Amino acid sequence: SYKNVPKDEL
Amino acid sequence: MNIFRLLGDLSHLLAIIVLLLKIWKTRSCAGISGKSQILFAIVYTSRYLDLVTTYISAYNTFMKLIFVVAAYATVYLMYIKFKATYDHNHDTFRMEFLVIPSLILALLINHELTVLEVLWTFSIYLESVAILPQLFLVSKTGEAESITSHYLFALGSYRGLYLLNWVYRYYAEDHYDLIAIVAGLVQTVLYCDFFYLYITKVLKGKKLQLPA
């Protein structure tokens with residue numbers, strides 16, 4: 001699911 | 001972090017520095033679209049609100065601050081300090097045609113309907129088309145200074161490198177974000193004809209001249 005996509009990009 | 005994303009971030013940083021240096025050294029923003037710079041300021045403001053809520057790394061925080069500050073500094077230089085050199089006759093692309101559809105699309109297609117997530121999605125959609133006023137300006141004037149074309153090459157390369165980063169993360173970390181990938185593809189495709197001209201002309205020492 002989308003949940004596991006980390007928002008760690010610029 | 002992977003080499004593609006690191007090179008992408010450095011390419012992005014280089015683009016921003018090249019632009020600031022061009023405006024500061026020549027004390028002129030001729031050939032630069034102020035509208036694109038305003039759109040970039042909106043993109044980074046709406047994307048980096050999480051600066052106050054989540055800490056990811058010193059690198060992440062530092063780069064976000066650089067991008068936001070540089071975006072506003074560029075807008076300041078263009079519309080206030082070197083206002084007289086701003087080419088408003090040719091910089092006529094309607095920003096609302098990019099901002100409003102991006103906002104509507106972000107409300108319709110997103111991963112979750114929260115303020116931060118919708119604003120992040122809006123920033124992703126808007127960034128993919130934010131360069132259009134600049135490309136429109138270059139097509140209207142029919143040419144671009146070589147420093148401006150270096151800026152555009154670095155800026156266009158950054159998201160192209162991010163596409164490679166997403167391929168890497170899909171195989172190495174088994175996740176992907178379709179919204180970022182589709183928008184990133186659109187963003188990079190918009191530069192294609194410029195990339196062609198840059199590689200065939202500017203790299204051979206010629207001026208970037210668009211076919212009339």
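Remember, it's a predicted structure, so these values are computed and weren't measured experimentally. Residue numbers start from 1 in every chain, and the chains themselves are labelled A, B, ... in the order their sequence lines are given, proteins ahead of strands.
- Between the side chains of B:Y158 and B:D9, not a single donor N or O lies within less than 3.5 Å of an accepting N or O.
- For the side chain to side chain contact (heavy atoms under 4.5 Å, CB included) test with B:H150, the passing option among B:L155, B:V202, B:L208 is B:V202; the others fail.
- A salt bridge links A:E9 with B:R169: at least one charged nitrogen is closer than 4.0 Å to a carboxylate oxygen.
- Atom OH of B:Y59 is surrounded by more than 12 heavy atoms from other residues, nucleotides or ligands within 6.0 Å.
- At a heavy-atom separation below 4.5 angstrom, chain A is approached by B:R47, B:Y48 within residues 16-53 of chain B.
- Interface remark: of the candidates B:R5, B:K64, B:M1, B:R5 forms the most heavy-atom pairs closer than 4.5 Å to chain A.
- For B:Y151, there are no ring pair (Phe, Tyr, Trp, His ring centres under 6.0 Å) partners at least two apart in sequence or on another chain.
- For B:W166 and B:Y162, the gap between ring centers is short of 6.0 Å.
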